[in-house]
Amino acid sequence: MDTDALLQVKDLYTWFELRRWGFARVGYVRAVDGVSFELYPGETVAVVGESGSGKSTLAKTILGLYRPTRGEIYFAGKPVHQMKAAGLKEYRAKVGYVQQDPFGALPPFMNVRRILEEPLIVHGVRDRVEREQRIHRALEDVKLVPVEDYLSKFPHQLSGGQQQRLVIARAILLEPRMIVADEPVSMLDVSVRVEILELLRKIQQEYNLGIIYITHDLSTVRHFSHRILVMYGGKVVERARARDLVRNPQHPYTQALLAALSDPRAENAHTLKPVPPGEPPSLLNPPPGCRFHPRCPVRIEGLCEREAPPEVETPQGAGHKALCWLYHERGEKKEEVAM
Amino acid sequence: MSINGFLQVQDLSLHFRTLQGIVQAVDDVSLTLGKGRTLAILGESGCGKSSLAKAILRLLPRNVQAYRGRIVLDGLDTMSLPEERFRKEVRWTKIALVPQAAQNALNPVVKISEQIAEPLLVHRRVGQKSEALERAREAARVVGIPADFLERYPFELSGGMRQRAAIAMALASRPDLVVLDEPTSALDVLTQANLMNVFKEIKRAFGTTFILITHDIATASELADDVAVMYAGQIVEQAPASEFYHAPRHPYSQKLMASVPTLREEKSPEFIPGQPPSLIDPPQGCRFADRCPARFSRCAAAPPVVELSPGHTVKCWLYEEGYHGH
């Protein structure tokens, strides 16, 4: 076992049982279907995927909000998947959560001081003076200054960016070692997004935090994460260092995703975008074999629709891996036969 | 400003009455749009871009304090029409709207085909229901909804398909102008790219004129021929897309462009410090001055609209005669 890792996720499955009339089991929604990765202190791992790819379920399973169906999660060497209520409470003090919709994540009837005081009380900080000091420090960390101006404000009196900074302040209040940020900027304006992501990066450097950044937005990921995992249909289909993945995507799905993204250029209006046909797979009845095969432009007939591909090292090396037959010797052989 | 535009908006203002005061959501906006072209109206939340769409379609809430200016569509002065005539002759027949989050606004208990056909019957574009359904099928085909999906209900469709249904609804009555309010912002990357392809094909095949309202500068570049940037209720720059994306001129446009994270270029994105002013009692002078890196003494007065080249205007003192070269 890797002892340096802050978080280790090993072959994790989170399935949701689907029942009809309350008891007859119909099947499982396989939201997270065999995911493994590590997160080190001071590192940001981005989990990129479209809606229904299982990325938020992965986040919530890591946070201990869902019980994994199978698999293991270790946080600083301790097994999260086996923790009982008391262990989970302690664990959650060490893991901050930044939600997507800041306004929805903040109780509208509490002012800033109450919002920040509550977790401290829950986690047993009895001393009023200490609570006050920690609230001040957290607000200063997220640049909601001068602090006195904000303490008595309610969420609706703050702008979207300020609300999100308050959510971050709450997440770092208990001095966590890891932050799970689920689409932290997708509800914010473009001009504010970078500010929030830079703030997260600064806080990370100051406290040597590990960050899991869940998003659908590949363009911010490139600038704000060290490694990227691309999820599709509940599985990690490609993983690499951020720059390598964006520059040399290897999995056909990642390639399609990157090709579909526009940079702001007037020339875009003259051409149609290449888009793979069809829609993401159902997690209830995923297609057999590779989950991307029905939409894949380079699928290998006779292989991809039959057998699920293993994760293989791509020719890029340096830990750049893809869940794809193309980079497996069996895929290469088939290709030769096809030619 | 040219006077032979297909759509012309002159000095349009839309102010709302609220408990806190009068909100100047749209303030003296002027625009020109040629037939068959697409104008992207870019801006951040609260800049008034959706209010501008509502003002053009005259979909006004009750707390309107002022609604004035001139809108001329294909020679017809729409603002001077009485509401009943506007409803019958303009709304949905000449101008159609795909509202924000339209994919969630469909009626859950009505089949897709009937929803697309409904406005045709309501607005008496066709007499027979069978004819309306035929037109609905045609519109659905144009936006890429498979024929067998038409007999389904909205919950049976994905977000992207529902959004296509909402677009088909707007297109079925063959309007001259379609206003798209954030048509793809709630959708996934691939779905988004797919829909932009659909719009491009519609534009090419039917010569439809679009107004695309969005905060997403990168996606807007997929469709825009012209760009208008809105800030705090006003248009601060209007330009052909080719000029705008190459070199935006207004300091706000420049900052906004620099805040977009790019995939293929090395530069890191930057943010714009500060916040837009309140639209209740906005500053007298330039509304961006507080956040502007290039502000100087004259910015305390309202800036003029300066024409830099044909079709490219900037509301900024920097470009006023005698200040060139800044």
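Numbers restart at 1 for each chain; the letters A, B, ... are given by sequence-line order, proteins then strands.
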Spatial distance of atom [atom1] ([X]) from atom [atom2] ([Y]) [nearest 0.5 Å]:
{"X": "B:Leu263", "Y": "A:Asp217", "atom1": "CG", "atom2": "CG", "value": "9.0 Å"}
{"X": "A:Leu199", "Y": "B:Phe271", "atom1": "CG", "atom2": "CZ", "value": "9.0 Å"}
{"X": "A:Asp189", "Y": "B:Asp216", "atom1": "CG", "atom2": "CG", "value": "11.5 Å"}
{"X": "B:Ser45", "Y": "A:Met187", "atom1": "OG", "atom2": "CE", "value": "10.0 Å"}
{"X": "A:Ser191", "Y": "B:His215", "atom1": "OG", "atom2": "NE2", "value": "10.5 Å"}
{"X": "A:Gln162", "Y": "B:Gln275", "atom1": "CD", "atom2": "CD", "value": "4.5 Å"}

Legend entry - Toward chain A, the part of B:Glu270 with a non-hydrogen atom under 4.5 Å: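 It is the backbone, since no side chain atom gets that close.
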
Inset, instruction - Pick one of side chain, backbone, both or neither for B:Glu222, based on which atoms fall under 4.5 Å of a heavy atom in chain A. - result: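 Both parts, backbone and side chain.
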
Inset, instruction - Anything in residues 193-207 of chain B with a heavy-atom distance to chain A below 4.5 Å? Please list those residues in order. - result: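 Hits under 4.5 Å: B:Ala193, B:Asn194, B:Asn197, B:Lys200, B:Glu201, B:Arg204.
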
Who wins among [options] for the most heavy-atom pairs under 4.5 Å with chain B?
{"options": "A:Gly161, A:Ala269, A:Ala256", "answer": "A:Ala269"}
{"options": "A:Arg247, A:Arg243, A:His223, A:Glu198", "answer": "A:His223"}
{"options": "A:Gly160, A:Ser262, A:Ala259, A:Ser186", "answer": "A:Ser262"}
{"options": "A:Pro264, A:Pro276, A:Ala266", "answer": "A:Pro264"}

Inset, instruction - Measure from the side-chain N and O atoms of A:Asp263 to the backbone N and O of B:Arg264, and report whether any donor-acceptor pair falls under 3.5 Å. - result: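 Indeed, once roles are kept as given, a pair shorter than 3.5 Å links the two residues.
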
Inset, instruction - Could you list which of residues 52-59 of chain A have a heavy atom closer than 4.5 Å to any heavy atom of chain B, in residue-number order? - result: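 The stretch does not come within 4.5 Å of chain B.
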
Inset, instruction - Return the option, out of B:Ile217, B:Leu190, B:Ile272, with the maximum number of heavy-atom pairs under 4.5 Å with chain A. - result: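 Maximum pair count with chain A is reached by B:Leu190.
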
Inset, instruction - May I ask you to name which of B:Val189, B:Leu256, B:Thr191 has the most heavy-atom pairs under 4.5 Å with chain A? - result: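 Sorted descending by pairs with chain A, the first entry is B:Val189.
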
Would you indicate whether [X], at its atom [atom1], is surrounded by more than 12 heavy atoms from other residues, nucleotides or ligands within a distance under 6.0 Å?
{"X": "A:Arg19", "atom1": "CZ", "value": "yes"}
{"X": "A:Arg265", "atom1": "CZ", "value": "no"}
{"X": "B:Arg291", "atom1": "CZ", "value": "yes"}
{"X": "A:Lys202", "atom1": "NZ", "value": "no"}

Inset, instruction - Taking atom types as modelled, find out whether B:Ser221 and A:Asn268 have a side-chain donor-acceptor pair closer than 3.5 angstrom. - result: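 Looking only at side-chain atoms, A:Asn268 and B:Ser221 do form a donor-acceptor pair, the distance falling under 3.5 Å.
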
Given heavy-atom pairs under 4.5 angstrom as the criterion, report whether the side chain, backbone, both or neither of [X] touches chain B.
{"X": "A:Leu188", "answer": "neither"}
{"X": "A:Val190", "answer": "both"}
{"X": "A:Glu279", "answer": "side chain"}

